[in-house]
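Contents: one structure, followed by commentary.
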Amino acid sequence: MVTAVTGSAQTNARVLTPWRAIGVFGLVSLAADMVYEGARSITGPMLAGLGASALVVGLVTGAGEAAALLLRLWSGPFADRTARYWALTITGYGLTAVCVPLLALAPVLGGAGLAVAAVLIVAERIGKAIRSPAKSALLAEAAGAVGRGRGFAVHKALDQVGAFAGPLLVAGLITLAAGAVWPALAALAIPGAAAMILLIWMRRRFPAPAAKETGATAGQRLPRRFHWFAVSAGAATGGLLTFGLISYHASQTGRLPIAAVPVLYAGAMAAAAVAALASGHLYDRWGARVLYALPALGAAAPALALSGGTAAIVTGTLLWGAATGVQDSTVKALVADLVPAPRRATAYGVFAAVQGVALLGGGVLAGALYDRSITTLVVVLAGAQLFSVICLAATLRMR
């Protein structure tokens, strides 16, 4: 538990308790998720309205997601080496808070609108890459005093409230604006500003690890057990469908109208929040073996989500959401427990890069197999989840 601060922070503000720090971090993520999840829910239609082809939409969104994951290989070690956890966190959230509302200007820029929108979308994802390892290291510091499973779970649950509310807010504003997208994007400046105010307020009340502490073990290699777990989580990620393919299947089969897709996504985000809370609580009670649930969810989700029945598609999508909730909460708790504190941001950066490569490979494989044989696709994805179980078992034996 952090019990003291130095310098001006000591004279001007009292240090937040761990639970209060986790709660404020959660509110920041709630507001920020409203911004970027709200925008992501209509990125495809927005780019299409600016003249983008399906290929351009795929390239822009794919480049953004790749940047969000792979650039953490730089931002994680940089955070540990310099101890600028707060500076990186605030800079990353600032890019999100600025870039998304600026997308509202793209329709009035004529021929340049599409290029500007593409740059802003990728820049917002770069902001995610800049902040994530540093923020996760700060969150792990706070959660260490109360149970990392529960700490990351509460944060993720609040995060998912924003991921649930953002798309619904955007859908409502688009309806009120008779189909126009730009008013909804402009309105997202409000939660973006709220996130930045909370961050600046919190920075003076929750100090980051000192640079001298961070540098002590900066040259150490990441533990072998961490690498096994990164491979396990990568296999689970690569073997999990993307929501893009799920929604494509649902719309192509005619089981769901286009207007229902954002609502389905919101439901998946709600399932993610519930799964994060449940798995985090069980992690603190039972330990890391609770993560065997992740490949089980990952194997079941495609089998249902790619079926021909509406109920099965909805159920599979909710399981997909539950899997993503565990991935982004309890999985991070185990990373923090496997790696020494001064190397956590580095570990989170490497971990995200492994997941990014797996996500790209899994997405390409799933897209290629979908048109040939859905049954083969489901079997292959289940095989990836089985490999994840094997690597997870190896990790736990090392612990």
Side-chain angles (χ1 to χ4, degrees), residues 65-66 68-73 75-76 128-129 132-133 135-137 139-140 143 148-149 151-153 155-156 159 222-243 272 275-276 278-280 282-283 286-302 319-339 343-366 380-399:
E65 294 308 313
L69 292 167
L70 297 179
L71 287 179
R72 297 183 208 188
L73 280 173
S75 63
K128 176 79 170 176
S132 285
K135 181 202 72 175
S136 294
L139 185 59
R148 290 200 173 95
F152 275 96
H155 171 267
K156 181 60 178 178
D159 177 280
L222 293 171
R224 185 184 175 198
R225 60 185 183 266
F226 162 79
H227 292 292
W228 274 95
F229 183 52
V231 173
S232 173
T237 299
L240 187 65
L241 287 176
T242 64
F243 182 76
S279 63
L282 293 175
Y283 178 88
W286 297 349
R289 63 181 182 274
V290 72
L291 288 175
Y292 283 117
L294 177 58
L297 290 169
L319 292 178
W320 172 85
T324 62
V326 176
Q327 277 184 323
D328 206 27
S329 60
T330 313
V331 163
K332 290 183 177 180
L334 181 54
V335 171
D337 285 339
L338 292 174
V339 178
R343 297 285 283 159
R344 281 183 188 141
T346 299
Y348 283 124
V350 172
F351 197 82
V354 172
Q355 288 188 303
V357 172
L359 183 64
L360 178 61
V364 171
L365 179 63
V380 169
L381 295 181
Q385 300 299 343
L386 177 60
F387 180 69
S388 173
V389 170
I390 294 171
C391 294
L392 178 58
T395 302
L396 300 188
R397 282 199 301 270
M398 292 180 193
R399 292 189 77 209

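Worth knowing before you read on, the calculation uses all heavy atoms, side chains too, and leaves out hydrogens, waters and symmetry mates.
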Which pair of heavy atoms, one from Leu294 and one from Ala323, lies closest together, and at what distance? CD1-O, 3.5 Å
Check: Phe152 ring centroid to Tyr283 ring centroid under 6.0 Å: no
Locate the shortest heavy-atom distance separating Ser279 from Val290; write the atom from each residue and the value. O-CG1, 4.0 Å
Would you say Ser329's side chain and Lys156's backbone share a donor-acceptor pair under 3.5 angstrom? no
Verdict with supporting geometry, Phe226 and Val350, side chain to side chain contact (heavy atoms under 4.5 Å, CB included): CA-CA 10 Å; Phe226 162 79; Val350 172; 4.0 Å; yes
Would you check if the side chain of Ser388 reaches a backbone N or O of Ala384 as a donor-acceptor pair within less than 3.5 Å? no
If you take all heavy atoms of Gly234 and Val354, which pair is closest and at what distance? CA-CG1, 4.2 Å
What closest approach, in Å, do Arg72 and Ala352 show between heavy atoms, and which atom pair accounts for it? CD-CB, 3.3 Å
Gly321 backbone acceptor or donor facing Thr324 side chain under 3.5 Å: yes
Treating Trp320 as the side-chain partner and Leu241 as the backbone partner, does any N or O pair qualify as donor plus acceptor under 3.5 Å? yes
Does His155 form a side chain to side chain contact (heavy atoms under 4.5 Å, CB included) with Lys135? I'd like the steps, not just the answer. CA-CA 11 Å; His155 171 267; Lys135 181 202 72 175; 3.7 Å; yes
Quick check: does any side chain N or O of Ser232 sit under 3.5 Å from a backbone N or O of Trp228, one acting as donor and the other as acceptor? no
Shortest non-hydrogen pair, Ala140 vs Tyr348, comes out as CB-OH, 4.1 Å
Would you give the length of the straight line joining atom CG of Leu291 to atom CG of Leu282, rounded to the nearest 0.5 angstrom? 10.5 Å
Side chain of Arg344, backbone of Ala336: donor and acceptor closer than 3.5 Å? yes
Residue pair Pro223 / Leu338: nearest heavy atoms and the distance that separates them: CG-O, 3.4 Å
What do the steps show when you test Leu240 against Gln327 for side chain to side chain contact (heavy atoms under 4.5 Å, CB included), and what is the final call? CA-CA 11 Å; Leu240 187 65; Gln327 277 184 323; 3.9 Å; yes
Test Val357 against Leu70 for side chain to side chain contact (heavy atoms under 4.5 Å, CB included), laying out the working first. CA-CA 8 Å; Val357 172; Leu70 297 179; 4.0 Å; yes
Taking the side chain from Gln385 and the backbone from Gly239, do they hold a donor-acceptor pair closer than 3.5 Å? yes
